[in-house]
Amino acid sequence: MATENKPRVRFAPSPTGHLHVGNARTALFNWLFARQSGGTYILRIEDTDLERSEAQYETQLIADLKWLGLNWDEGPDAGGKFGPYRQSDRMELYHDYAKRLLREGKAYLCFCSAEELEAERKKALAAQLPPNYSGKCRAIDPAEAQKRRAAGERAAIRLHIPEHPIKFHDMVHGPVEFSNEVVSDPIIVRSSGMPVYNYVVVIDDAEMKITHVIRGDDHLSNTPKQVALYEALGWPVPEFAHLSTILGPDRERLSKRHGATSVANFRDMGVMPEALVNYMALLGWAPSGGTREEFTPQELVKEFSLERVTPSPAVFDMQKLYWLNRHYVAHRLTTAPQATIELALTFFTKAGYTPDHLDPKGLTWLQSVVTLLAPGVDKLEDLPARAAMIFKYDATAAKTSPDNAEVMGLEKTAAVIASFAKKVQSESGEITAERFKAIVNEVKAETGAKGKELFHPIRIVITGSHSGPEFDKLIPIIEQGAALGLPARVLSVKERTEAFNRG
RNA sequence: GGCGCUAUCGUCUAGGGGUUAGGACGUGAGAUUCUCAAUCUUAAAACACGGGUUCGAUUCCCGUUAGCGCUACCA
């Protein structure tokens with residue numbers, strides 16, 4: 001079968017929280033690599049830390065990955081012939097290999113207590129030595145050790161680290177070499193019988209025929225232990241690619257305390273998945289030439305290259321994400337207007353401006369609102385605030401706001417407002433953009449005001465602010481909005497003018 | 001403490017023994033508009049430091065410094 005020599009990669013998160021952008025980026029790079037090479041992408045759930053793992057997080061994780069569009073070929077939900085894909089379902093396998101390692105003398109039983117180990121560590125540290133395990137239990141005769149364990153003594157299983165330097169290759173860092181002196185015999189199975197991450201990850205990767213291990217570089221220092229395991233089991237060592245850390249603006253590891261950092265956060269804010277994907281790809285990767293910034297997921301699959309991934313850590317820049325998001329919102333508004341407006345509707349509804357559902361007429365109207373305001377907005381979540389001038393009108397605030405004081409104090413303001421109000425009063429029915437322009441022109445002729453001194457007072461009367469979108473587009477939106485009879489009613493131009501004069 | 005990784009504008013990055021060190025976000029200015037946003041044009045802005053190697057280092061090597069990671073019977 002052709003797929004036999006194709007790369008097999010995996011994303012292996014622990015279900016201990018929401019999918020974080022750091023992990024999402026790892027998932028993305030794995031996905032890009034698999035898709036462009038025609039390889040297989042596997043989702044594996046690493047839930048050996050039972051205390052911190054929760055089923056709800058797995059569901060959430062899957063939803064987040066799907067939202068990003070990172071589909072996998074094998075996984076707990078998708079199945080596959082290398083399953084099960086949840087570590088908690090693979091315990092037997094881990095124990096079988098542990099027995100084999102013990103039998104072959106590649107691993108040994110360790111009877112040291114946590115206190116002993118801790119004391120040893122402290123002593124080494126004080127002597128400015130690497131805090132390695134002394135290897136005390138290595139000398140115990142295996143048969144003797146088995147006897148002690150059978151007699152009820154608690155024992156962990158340790159891997160015997162070889163006496164030679166450990167080398168491996170990393171696609172982003174190049175050749176890496178660790179002296180065996182700095183890696184001590186790691187525990188692979190706890191005395192409780194629960195296997196340890198650094199052990200199970202190797203068993204799983206090997207069993208699942210993973211060819212390229214693409215993961216965060218916080219695993220780099222643990223890789224020698226894993227390589228030693230591959231060698232002890234006589235398995236081929238895969239290719240590695242350790243991705244740099246994503247940092248917050250303070251150059252510390254990106255975390256919740258930096259604000260929005262989980263995929264779910266961004267989704268809830270109204271960031272488009274392709275914007276997030278595009279941005280994450282640019283964190284540590286750039287195309288040859290380095291001048292292109294905008295890539296759809298499909299384009300990324302074509303252009304991406306693991307060899308071009310930078311090893312240095314990157315600071316997450318929200319502004320650049322927003323810039324890309326504006327681009328993708330605009331793009332979606334033209335390519336998939338229906339779905340985009342439905343999505344935008346949820347934000348207006350959350351703000352209390354619209355009901356849960358809008359009829360086709362209402363949706364068309366909302367589309368004009370969104371089309372008008374979206375270019376100035378970083379994320380869909382900000383739309384209602386920008387649209388407040390349409391949905392909310394406060395005559396008193398309009399008159400008393402300090403922001404408006406300067407305009408209100410202008411010489412011709414009173415005359416402009418009076419003239420404008422009178423003309424609007426005599427209008428009947430919906431005021432069109434053309435009609436509105438005519439009225440403004442009449443006011444202009446009557447008062448002699450022009451430019452700013454003409455438009456700003458009128459703008460304050462209508463919107464409560466001296467700045468906002470152009471009247472040509474705003475007036476029809478207000479008038480049509482009023483005609484819609486929304487539960488949270490949009491006031492017409494006439495109603496606004498009346499309220500202004502009354503209040 | 002030990003070991004490892006990393007180091008180009010504020011940020012993401014391209015580049016590479018001789019370059020006007022390129023692009024993008026952000027920032028400033030201008031254009032446009034009644035105004036804001038968007039848009040367009042434009043400007044400022046970087047090779048961490050010290051030693052080598054070399055005719056010549058930002059680029060290669062070594063150190064220093066700084067940041068981060070690992071050093072768990074966490075993942």
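Lettering follows sequence order; numbering is per chain, from 1. In this text, all values refer to a predicted model and were calculated from it rather than measured experimentally.
- For rA43(B), the paired nucleotide is rU27(B), the pair qualifying as Watson-Crick or G-U wobble because both relevant distances are below 3.5 Å.
- Between R292(A) and rA24(B) there is no side-chain polar atom (N or O) within less than 4.0 angstrom of OP1 or OP2.
- In the region residues 402-416 of chain A, proximity to RNA chain B at under 4.0 angstrom, judged on heavy atoms, holds for none of the residues.
- Positionally, the nearest nucleotide of RNA chain B for D217(A) lies more toward the 5' end than for the other of D217(A) and N222(A).
- Taking only side-chain nitrogens and oxygens, R326(A) comes nearer than 4.0 Å to OP1 or OP2 of rG26(B).
- With centres under 5.5 Å and a plane angle under 30°, the ring of F455(A) is stacked against the base of rC34(B).
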Hey, what are the protein-to-nucleotides 6-10 of chain B N/O distances that come in under 3.5 Å?
from, atom 1, to, atom 2, distance (Å)
rU6(B), OP1, H173(A), ND1, 3.3

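- The shortest distance between the side-chain N/O atoms of R215(A) and the OP1/OP2 oxygens of rG69(B) is not below 4.0 Å.
- In terms of position along RNA chain B, the nucleotide closest to V176(A) lies nearer the 5' end than the nucleotide closest to the other residue of the pair V176(A) and V377(A).
- The ring of Y199(A) has its center no closer than 6.0 angstrom to the ring center of Y97(A).
- For the atom pair CG (L65(A)) and CD (Q60(A)), the distance works out to 10.0 Å, reported to the nearest 0.5 Å.
- Between F240(A) and Y230(A), the ring planes are perpendicular. Angles over 60° get that label, and only those under 30° would be called parallel.
- Classification of the F168(A)-F178(A) ring pair by plane angle, with boundaries at 30° and 60°, yields parallel.
- No cation-pi contact links K437(A) to F471(A), judged by a cut-off of 6.0 Å to the six-membered ring centre and 45° from its axis.
- Between S14(A) and E46(A), the side chains place no donor N or O within less than 3.5 Å of an acceptor N or O (distance only, hydrogens not considered).
- A cation-pi contact, defined as under 6.0 Å to the ring centre and within 45° of the axis, links R158(A) to Y133(A).
- Summarising the base pairing, rU20(B) is matched to no nucleotide, lacking a Watson-Crick or G-U wobble pair whose two defining distances lie under 3.5 Å.
- rG22(B) and rA46(B): their P atoms are spaced 11 Å apart (whole Å).
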